[in-house]
Protein chains: 2
Amino acid sequence: MLIAAHWHTHRTTTGLRTVANTDRSPHTPGRPRGREARYGNRPTMKDVAARAGVGLKTVSRVVNSEPGVTPDTERRVQEAIESLGFRRNDSARVLRKGRTASIGLVLEDLADPFYGPLSRAVEEVARAHGALLINGSSAEDPDREQELALALCARRVDGLIVIPAGHDHRYLEPEIKAGVATVFVDRPAGRIDADTVLSDSFGGARAGVAHLIAHGHRRIGFIGDQPRIHTAVERLRGYRTAMRDAGLTVSDDWISLGSTAPERVRSAVEGMLSGPEPVTALFAGNNRVTVTAVRALAGSERRTALVGFDDIELADLLGITVIAQDAAALGRTAAEQLFRRLDGANGEPVRVALETVLIPRGSGEIRPPGGRPDPVTPPVR
Amino acid sequence: MLIAAHWHTHRTTTGLRTVANTDRSPHTPGRPRGREARYGNRPTMKDVAARAGVGLKTVSRVVNSEPGVTPDTERRVQEAIESLGFRRNDSARVLRKGRTASIGLVLEDLADPFYGPLSRAVEEVARAHGALLINGSSAEDPDREQELALALCARRVDGLIVIPAGHDHRYLEPEIKAGVATVFVDRPAGRIDADTVLSDSFGGARAGVAHLIAHGHRRIGFIGDQPRIHTAVERLRGYRTAMRDAGLTVSDDWISLGSTAPERVRSAVEGMLSGPEPVTALFAGNNRVTVTAVRALAGSERRTALVGFDDIELADLLGITVIAQDAAALGRTAAEQLFRRLDGANGEPVRVALETVLIPRGSGEIRPPGGRPDPVTPPVR
DNA sequence: CTGAAAGCGCTAACAG
DNA sequence: CTGTTAGCGCTTTCAG
């Protein structure tokens, strides 16, 4: 049915939509419940052709700005288009042409401030290539990721950018073989060989932890996301490597992987700060963890050092030292690779790792109790 | 062409895609450059039917879980589907059914932390109704808004949610008449009567400014977004009303509307804090302004009070008093209204205004110099 | 320069 | 329970 009746007050008197299709008998097979129920009775090229007194193909030519139409004919067609309020049905066009000029993006959560800029960057690249973006959130659920990705394939998106939630992407093999270009971002694909764009989680975490060590810390905690998430594991590996490189032994009590729910992170922080040998510094595995860790530390009387993975808005004012990755660059790089494939590139799968940057802002330069006095500027710049 | 060659190493040996269509002569009219060029040579229901030795419609029944198929037949069809890697082409389905099960969302910038949660909320409602979400950013450009909205209509989205950049939406009239349900969010539609979901910008700003006045301020500055943006004007109106209600005269120097670019906001802040009669408090018109204002104030020796419109992550730790609006509720409410229309509701256009909440965190409770000492808890809670 | 005919892959209607 | 036919609105091919 759709919306209709309450628009009465704003109906114009230009005679829009008063021309009806007349060539359809009431009970032809293949005809749904009357034309009125479909697309709200939209005019088609056929209607435009009839109104303009030209052939169907001529209308098509005008609509698509193809050459070979007399200026006069074109004008007549344009008039018919406008008076009927015609708009080309891209669904039909897609069916015929085989390309949808749209790409799909499966990410974790559009509301996460990390994915907004990534998505926007993908959108801009898509726009530059004349494509629309359909995106969906997997909510970190592998089943939902698959459901979404396949739904996008059923819509026949030309390409797919996936931030994996799951670890087995063989379900995409038929799609990829059928020609759906696919690029994985932020995390690698599972059990499938494909273009991938990542940030250097390992290197970033190692650098962040090394930074804490350089400032005198020996007991450093690591709080990260769930261990089934690739970046969480990589960052933990970076942590372990930095510790080992410095000849430091890691206690199991200093490592906590799990949900990024505030309660979980908060109790992890509290656990590491209490006990006989509390940590003097924390490494937070991602933006969600950092936010909660900062809140937890703000309520503590001890000055605990902190370095977080991912930059956060206002982190500068709070003096939070971070390992920043460029979410927009991640999205842009992935999208560019996708369109390179769509434009015919067919070499081996490409693997890109983007550098991270350590931004010292104070919290990562706090020295441990008993260490030399802090030589760095205070937290709030 | 699409991606293909480099997948060789992962080709399985299950015989996928070895069954070809055989009923197409090489030079039939209407045939594009050979079937291989289309959808990367995907199997169709016809192919599945041939493989399973059943009729086309039976395949359709199985694919759509329609009743009336023998378990045995169904199994044979399922096998054919799997061995061929068939996936229904929703483009064709859409063309036939007239519904795309997708909705469009035109917003300003997906990278803005205000719109991420809004978009996610819309997505969740759409998902509950079995629809996908296509979204695009207008970048605050009316032409781009129109281009996007119409592109979505050409894809025949069932409904459209628009955060207007422009002020004239008559261009949507033919679409709406043709049955595209349309809801405007965050800002009202221009020159058209339509469902609208807003936050109470006027009331929120008035309450925020009244809060500052109640804490002893008499000279209060307002820094807002560009005057062509509805919310900016409404919030300014709230500011003026609160001032007038308190019997305070407003100096032109205390009001600055314009771009939210950091340089612009920063110089506005500096301007209001200098001169013979500097303001003692600031009202920031949105999240972008607040962020820059906080940065600017952090570099000043004077303690200036601040209330910002929109909540911001970490604002709690920085002790920033805000007028919070619920972006997710905005999106959810709009999407629910949209689906109500799609489900047949056809009353008069609905207008919803969501309440805002003042969250005192310290910055809005700072008293002016010379005023009574601050009776409120210190900034960081 | 213009148009008629075929058909993209699917579903609705109808007939066995 | 199953299959055949028509046609959604468009683009392609090819013939005027």
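Proteins get letters first, then strands, A, B, ... in listed order; numbering begins at 1 in each.
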Of all of residues 59-67 of chain A, which get a heavy atom below 4.0 angstrom from DNA chain D, listed by number?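 Contacts with DNA chain D under 4.0 Å: S60(A), N64(A).
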
Kindly say whether A139(A) contributes a backbone atom to a donor-acceptor pair with the side chain of S137(A) at under 3.5 angstrom?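 Pair absent, no side-chain N/O of S137(A) close to backbone of A139(A).
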
Say whether, by atom type as modelled, one donor and one acceptor occur between the side chain of T182(A) and the main chain of V180(A) under 3.5 angstrom.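 Yes: the side chain of T182(A) pairs with the backbone of V180(A).
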
Rounded to the nearest Å, what distance is computed from the [atom1] atom of residue [X] to the [atom2] atom of nucleotide [N]?
X: L95(A); N: dT11(D); atom1: CG; atom2: P; answer: 11 Å
X: L56(A); N: dA5(C); atom1: CG; atom2: P; answer: 12 Å
X: K57(B); N: dT4(D); atom1: NZ; atom2: C1'; answer: 12 Å
X: D90(A); N: dT11(D); atom1: CG; atom2: C1'; answer: 12 Å
X: R155(A); N: dC8(C); atom1: CZ; atom2: P; answer: 22 Å
X: K46(A); N: dA6(C); atom1: NZ; atom2: P; answer: 14 Å

Side chains of [X] and [Y]: do they bring a donor and an acceptor to under 3.5 Å?
X: Q337(B); Y: R340(B); answer: yes
X: Q146(A); Y: H169(A); answer: no
X: R155(A); Y: S91(B); answer: no

Please determine whether a side-chain nitrogen or oxygen atom of S91(A) lies at a distance below 4.0 Å from atom OP1 or OP2 of dC10(D).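 Indeed not, no polar side-chain atom of S91(A) lies that close.
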
Contacts table for residues 52-61 of chain B: side-chain donor-acceptor under 3.5 angstrom, sequence neighbours left out:
{"unit_1": "S60(B)", "atom_1": "OG", "unit_2": "N64(B)", "atom_2": "ND2", "d": "3.4"}

